[in-house]
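Convention: sequence-line order gives letters A, B, ...; per-chain numbering from 1.
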Amino acid sequence: MSDYGPVQVRCPVLNVRRVDAYYAITVVAPGIAERFRSGQFVSVAVGGDHSSTLLRRPFAVHDVKPDYGGTIEFLFSVRGTGTAWLAERRSRDLLDVVGPLGRPFPLPRDPVNCVLVGGGSGSAPLFPLAQSLRRRGCRVDFVLGGASADRVFSAITARRIAETAVFTTDDGSFGTRGRVTDVLGRVVEECRSDVAYACGPMPMLRAVTAVADTHGIPVQVSVEETMACGIGICMTCVIPVVGEDGITRMARSCVDGPVFRGEQVRFDDVGTIPFDALGAPGWKGAGASRSTESARDIA
Amino acid sequence: MSDYGPVQVRCPVLNVRRVDAYYAITVVAPGIAERFRSGQFVSVAVGGDHSSTLLRRPFAVHDVKPDYGGTIEFLFSVRGTGTAWLAERRSRDLLDVVGPLGRPFPLPRDPVNCVLVGGGSGSAPLFPLAQSLRRRGCRVDFVLGGASADRVFSAITARRIAETAVFTTDDGSFGTRGRVTDVLGRVVEECRSDVAYACGPMPMLRAVTAVADTHGIPVQVSVEETMACGIGICMTCVIPVVGEDGITRMARSCVDGPVFRGEQVRFDDVGTIPFDALGAPGWKGAGASRSTESARDIA
Amino acid sequence: MNTDLRVRLGGLELPNPVVTAAGCAGSGRELAQFFDIAEIGAVTTKSVMLEPHAGRPAPRMAETPSGMLSTTGMQGPGVDVFLQRDLPWLLSRGGRAIVSVAGSGTAEFGELARRISAEPGVDAIEVNLSCPDPADPAGRRFADDVSRAAAVVSTVRSHARSDLSVLAKLAADVPDVVALATACAEARADGLSMINAVRGMAVDPRTLRPAVAGGMGGLSGPAIRPLAVGCVFRVHEALPEVPIIGMGGVRTGADVVEFMAAGASAVAVGTINFSDPSACVRVLREFTEALEARGVSRARDLVGAAHRPGVGV
Amino acid sequence: MNTDLRVRLGGLELPNPVVTAAGCAGSGRELAQFFDIAEIGAVTTKSVMLEPHAGRPAPRMAETPSGMLSTTGMQGPGVDVFLQRDLPWLLSRGGRAIVSVAGSGTAEFGELARRISAEPGVDAIEVNLSCPDPADPAGRRFADDVSRAAAVVSTVRSHARSDLSVLAKLAADVPDVVALATACAEARADGLSMINAVRGMAVDPRTLRPAVAGGMGGLSGPAIRPLAVGCVFRVHEALPEVPIIGMGGVRTGADVVEFMAAGASAVAVGTINFSDPSACVRVLREFTEALEARGVSRARDLVGAAHRPGVGV
Ligand SMILES: Cc1cc2nc3c(=O)[nH]c(=O)nc-3n(C[C@H](O)[C@H](O)[C@H](O)COP(=O)(O)OP(=O)(O)OC[C@H]3O[C@@H](n4cnc5c(N)ncnc54)[C@H](O)[C@@H]3O)c2cc1C
Ligand SMILES: Cc1cc2nc3c(=O)[nH]c(=O)nc-3n(C[C@H](O)[C@H](O)[C@H](O)COP(=O)(O)OP(=O)(O)OC[C@H]3O[C@@H](n4cnc5c(N)ncnc54)[C@H](O)[C@@H]3O)c2cc1C
Ligand SMILES: Cc1cc2nc3c(=O)[nH]c(=O)nc-3n(C[C@H](O)[C@H](O)[C@H](O)COP(=O)(O)O)c2cc1C
Ligand SMILES: Cc1cc2nc3c(=O)[nH]c(=O)nc-3n(C[C@H](O)[C@H](O)[C@H](O)COP(=O)(O)O)c2cc1C
Ligand code: FES
Ligand code: FES
């Protein structure tokens with residue numbers, strides 16, 4: 001219906017590859033490919049028309065290629081029923097995909113040094129980001145982590161496209177034993193990073209934000225909240241986010257995110273309604289907020 | 001658990017063939033093949049482990065072969081979600097099949113003349129029956145009907161294995177225009193049929209029973225009631241059937257049937273609880289029935 | 001064939017029976033990325049409250065077999081923002097608006113009705129009776145007390161502009177849905193919407209904790225369709241003159257046929273918007289095709305067909 | 001690991017928590033073709049009445065999303081045949097028997113309890129409170145009236161042998177399931193079974209007629225699991241000392257974990273027996289594996305875990 005918003009398409013699967021503990025599916029989706037900006041995601045219907053699993057599964061777009069008018073690729077590890085079903089897809093099967101969804105990563109105007117931090121499947125959206133940053137002349141360094149060697153996404157690609165790439169695993173089976181944040185400070189210093197981008201589980205994003213803060217650099221985080229709709233209508237994916245105006249709102253991570261500035265996210269209050277959030281029980285700023293809210297750009 | 005009862009097996013699909021308006025699936029199921037007697041059916045889980053369609057679909061066994069230790073074949077036309085899903089199966093897929101189920105067709109002791117009457121998919125179970133009858137030296141004649149030419153199951157096979165085969169279609173696109181019962185009387189006379197076997201929709205079975213009655217020959221009918229379990233525990237597949245003792249009971253078509261003697265089935269009362277059925281509201285024979293019921297062989 | 005899809009809900013005529021369910025379509029803006037919002041019968045907006053509400057803590061949803069459990073707790077910006085921002089947008093796109101209201105108290109419902117009536121262009125007000133009644137000592141919902149529910153409906157009716165239809169949105173998990181429906185009709189509701197999500201719970205087998213914050217959530221989606229169809233059937237049987245918007249698990253055009261045959265004059269698509277953002281127009285298309293296939297020339301002839309044995313349509 | 005699967009329901013100890021749901025396993029004979037009936041916790045038999053009952057007309061079932069709608073209307077041969085034919089068979093195979101009873105009147109419930117108590121080998125009587133109460137002018141079920149339900153339970157309790165456990169089988173679609181549970185516990189039920197199928201309806205979109213004869217049917221299967229888990233959670237919260245058999249849509253071992261965490265001491269498999277005749281042993285195996293995977297050595301430690309934040313098992 002519009003030139004920049006998401007589209008819903010039944011796309012043929014081009015191929016399904018298995019890489020270590022994860023899968024990569026490429027689908028032909030020109031409409032999504034042409035609209036895509038890095039950081040955005042797609043949502044995929046799983047299980048077929050008579051499935052008992054109704055909800056779409058959100059996946060970051062890992063790669064966009066011009067083949068066949070435009071293909072997109074996403075990576076995933078099998079977690080539950082939806083990803084198990086996806087892992088069984090074969091070329092030529094049709095997938096019902098909606099995208100691109102969400103706010104993309106904001107890109108720096110100048111050719112600055114960027115460190116990209118990913119945990120597990122959270123590494124996926126950092127690859128198209130790295131490409132975009134490189135195209136703008138930015139230096140890109142990677143810090144990627146996972147539970148074990150086979151859970152570190154696309155290590156080889158990371159090495160290829162980045163200036164440096166550091167890996168961590170919880171069990172020490174690959175790279176440094178430990179967490180991404182154990183090495184992040186060092187990387188920021190050595191690579192003179194000007195800005196950080198991070199994607200992964202909430203505790204990781206919180207820790208990355210803390211490290212970035214210590215080093216005085218801005219950080220963009222991409223959150224992985226559970227999402228029922230992915231398009232902003234169900235209000236199930238909310239997290240407390242502080243706006244430009246200093247007011248905390250329960251923001252939808254699907255359309256107001258998934259990318260937020262790290263310091264905007266009230267990590268300590270995720271899973272709660274902070275008492276000072278707009279419209280929280282007992283919240284007192286009724287008059288003020290109404291005008292604030294209406295003035296806000298929500299397009 | 002036993003040598004003659006049904007088994008539940010995950011069987012590999014050997015092949016799926018499309019024939020006119022129907023499909024034929026062959027699965028490798030030695031346990032079912034060796035227990036099978038003609039007239040019995042299988043029930044197949046559809047839609048996979050996370051399907052929203054819970055119930056198994058019942059299908060008559062159309063053919064049993066010794067290949068691969070024992071295969072069974074069933075034929076079906078696509079009616080709704082379950083059969084649509086089955087039509088998409090491919091060789092090597094696994095199907096969860098339970099069988100053989102139900103009471104088989106009783107076979108005559110002597111080499112008599114048998115007329116086999118099938119409507120639509122109801123023709124399916126008549127083919128292994130024809131083989132069994134032939135092996136006993138019986139003469140077999142077929143009367144098969146369907147809505148249109150492509151809905152008459154296995155016409156060629158029928159011609160091959162039977163003495164005579166007559167076809168009817170509602171639209172006249174194949175054989176005689178009309179219903180199986182329009183020609184049945186003539187066939188019974190010409191072929192000097194001693195006994196009739198019929199399978200198809202309830203109105204057809206009722207009409208066939210009437211024709212058989214007119215000609216004074218016994219008829220075995222196989223009913224196609226909707227079934228939730230197929231093994232006798234859900235009590236959803238009942239029809240009113242008169243027992244040897246003259247008492248009408250709500251019999252389970254899955255285990256007490258699907259084959260009944262035509263005159264036992266109270267066709268006029270299908271879809272009701274006849275006032276004189278055992279345990280019907282206001283029914284008066286409490287004392288008598290209890291002993292009757294307990295004496296009945298329900299194995 | 002030129003099927004006449006128009007349906008009537010009391011004084012309100014809709015071009016076709018497919019509308020959105022409250023809270024499952026925002027105010028139409030997001031779905032408008034996928035289809036022309038003017039094409040469907042109407043948009044029922046997310047229940048609007050007088051003040052901004054932050055809603056309930058996360059996790060707010062869990063997937064269940066053929067359904068989902070959710071607790072959004074009426075998060076929203078309040079009626080002022082709604083009237084300044086969301087409603088004008090919807091009307092500017094040619095959408096018909098059924099505005100759902102949720103008051104934290106009977107008086108607030110009246111105030112909401114008054115405010116919404118001041119805006120031109122709204123077609124109907126839907127009264128969400130599943131919100132907690134602050135005056136109830138046990139924290140029950142308005143829908144749990146027939147007389148409190150009726151009081152809310154008549155308050156809304158008396159504050160709403162007389163040409164606006166007032167629809168009472170019923171809960172299914174109440175002692176007696178027919179009694180609730182009757183009380184609302186007697187309180188001069190022009191129509192009834194049913195059913196809301198049904199209270200349920202899921203425990204995450206990994207964490208062993210309730211899957212949604214606060215424990216209980218609302219179960220919606222195809223799983224509850226038989227409960228919804230049952231309510232529509234029984235209420236239509238008792239009150240054949242009162243128009244009903246049926247909802248609960250509508251996924252396909254056949255489901256619209258099912259609800260209308262049970263007695264609904266219009267049918268709302270809820271949870272399925274989340275899994276298929278084009279669902280409303282797809283369902284409408286499938287429904288139209290189903291009518292054509294059975295040779296029904298007027299959609300409204302379907303209403304209540306399941307109550308007329310042998311007559312058909 | 002050697003997991004201790006034993007669970008207690010008041011005075012009754014079962015070797016493991018997986019039992020069959022009433023009316024979904026006959027008396028065990030048919031399922032015994034697929035597995036050894038002595039391996040599961042117990043067989044709850046189809047509700048037995050005093051006299052033979054022919055049940056309801058067909059069609060008796062319809063498939064719904066992740067569920068089914070059914071109306072069998074308690075078809076059965078009556079208690080004499082049950083005691084002469086079905087019960088001895090079950091006991092002869094080493095099965096533990098929970099005998100479900102359905103009286104058409106409070107006195108009949110008492111008589112059933114007396115007759116069943118006369119037979120050795122029965123472990124428990126389950127009182128089906130979802131049958132219509134002939135004394136109720138509106139034809140409601142015993143479960144719809146808390147005091148009538150309690151009267152049935154105490155009648156059964158006083159007629160039943162004292163060493164037999166008496167379980168009250170609750171309906172979920174009642175005004176207040178916690179009040180019903182409390183009344184049954186006060187009437188000296190040793191435990192509670194919940195939930196029964198929930199009333200619903202489907203209309204066949206082809207015929208436009210109700211899909212099951214009589215219109216309303218009972219909705220069962222995974223679709224209703226969140227309703228069931230919600231009831232178990234709330235009742236266990238209110239009555240932590242009263243043992244519960246949880247049921248409603250159990251399909252996998254994870255569902256057993258879910259019900260037990262919500263507060264059930266045992267869990268019944270119902271509708272899924274129809275789609276998978278080996279379900280009981282499969283579910284038990286999956287449950288055992290789930291316990292091993294999380295290092296739980298005693299199944300009973302799971303009971304109510306969802307009520308103990310942060311404690312885990
Ligand atoms: C914006 C975004 C981008 C994502 N990108 C990727 C990616 O590139 N690669 C990847 O492997 N995973 C990604 N995820 C996580 C991915 O969505 C889940 O792994 C997937 O939904 C699990 O589905 P399932 O059916 O296998 O699991 P189940 O546990 O069976 O799912 C049950 C429900 O929980 C939700 N859910 C379960 N796990 C998660 C999770 N970690 N995050 C969000 N929802 C979850 C499901 O969507 C579903 O609604 C992303 C999530 C979000 C929100
Ligand atoms: C003993 C027996 C033997 C059968 N043998 C054959 C056969 O050999 N070939 C064949 O094509 N069909 C046969 N049928 C009918 C077959 O079971 C149905 O066509 C099939 O269940 C339709 O499933 P569906 O999901 O496509 O239809 P849907 O309409 O989506 O099914 C919904 C529900 O209705 C039931 N149902 C629908 N149609 C029928 C029907 N005609 N009979 C019974 N249940 C039905 C389904 O099992 C399911 O529970 C047989 C039925 C019985 C009882
Ligand atoms: C996430 C979500 C939010 C909802 N919000 C509202 C609401 O604000 N007001 C309301 O009356 N109903 C609300 N509902 C209930 C729906 O309008 C609808 O009655 C119910 O979900 C059943 O329909 P469905 O199964 O098609 O979703 C909500 C449902 C969901 C799932
Ligand atoms: C076909 C059928 C018959 C049933 N018969 C009885 C019965 O006789 N007595 C009873 O207490 N419950 C009966 N029930 C209810 C089940 O015992 C169970 O409470 C309910 O179906 C929920 O569990 P499920 O979803 O696992 O089936 C029956 C359910 C079905 C589907
Ligand atoms: S996932 Fe629905 S609003 Fe974000
Ligand atoms: S299908 Fe269940 S008893 Fe016959």
Peer 1: Just verifying a value: how many Å separate D:Cys231 SG and C:Met216 CE, rounded to the nearest 0.5 Å?
Peer 2: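 D:Cys231 SG to C:Met216 CE: 7.0 Å, rounded to 0.5 Å.
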
Peer 1: Between C:Ala202, C:Ala62, C:Gly215, who has the most heavy-atom pairs with chain D when the cutoff is under 4.5 Å?
Peer 2: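 Result: the option with the highest number of such pairs is C:Ala202.
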
Peer 1: Does any part of the side chain of C:Asp173, heavy atoms only, come nearer than 4.5 Å to the side chain of D:Asp173, both counted from C-beta?
Peer 2: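 Side chain of D:Asp173 against side chain of C:Asp173, heavy atoms only: no contact under 4.5 Å found.
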
Peer 1: So for D:Arg234, is it side chain, backbone, both, or neither that comes closer than 4.5 Å to the heavy atoms of chain C?
Peer 2: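 Only the side chain of D:Arg234 comes within 4.5 Å of chain C.
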
Peer 1: Does C:Arg206, at its CZ atom, have more than 12 non-hydrogen atoms belonging to other residues, nucleotides or ligands within less than 6.0 Å?
Peer 2: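 No, CZ of C:Arg206 has 12 or fewer neighbouring heavy atoms, counting only those of other groups under 6.0 Å.
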
Peer 1: Count the heavy-atom pairs under 4.5 Å between each of D:Gly230, D:Pro175, D:Pro226 and chain C, then report the option with the highest count.
Peer 2: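 That would be D:Pro226.
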
Peer 1: Once rounded to the nearest 0.5 Å, what's the spacing between atom CG of D:Asp144 and atom CG of C:Asp176?
Peer 2: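 It is 9.5 Å, given to the nearest 0.5 Å.
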
Peer 1: Applying the side-chain contact (heavy atoms from CB on, under 4.5 Å) test to C:Leu208, which of D:Arg308, D:Glu258, D:Arg294 qualifies?
Peer 2: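 Only match with C:Leu208 under side-chain contact (heavy atoms from CB on, under 4.5 Å): D:Arg294.
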
Peer 1: Provide the closest heavy-atom pair for C:Val203 versus D:Ala261 in the form atom of the first, atom of the second, distance.
Peer 2: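 That closest heavy-atom pairing would be CG1-CB, 3.9 Å.
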
Peer 1: Minimum heavy-atom separation for C:Arg225 and D:Pro65, please, with both atom names.
Peer 2: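 Shortest heavy-atom separation between C:Arg225 and D:Pro65 comes out as NH2-CG, 3.4 Å.
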
Peer 1: What's the spacing between D:Leu227 CG and C:Leu69 CG if we round to 0.5 Å?
Peer 2: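 Between atom CG of D:Leu227 and atom CG of C:Leu69 there are 9.0 Å.
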
Peer 1: Within a strict 4.5 Å, meaning less than it, do heavy atoms of the C:Val198 and D:Val198 side chains meet?
Peer 2: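 Result no, sub-4.5 Å side-chain heavy-atom pair not found.
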
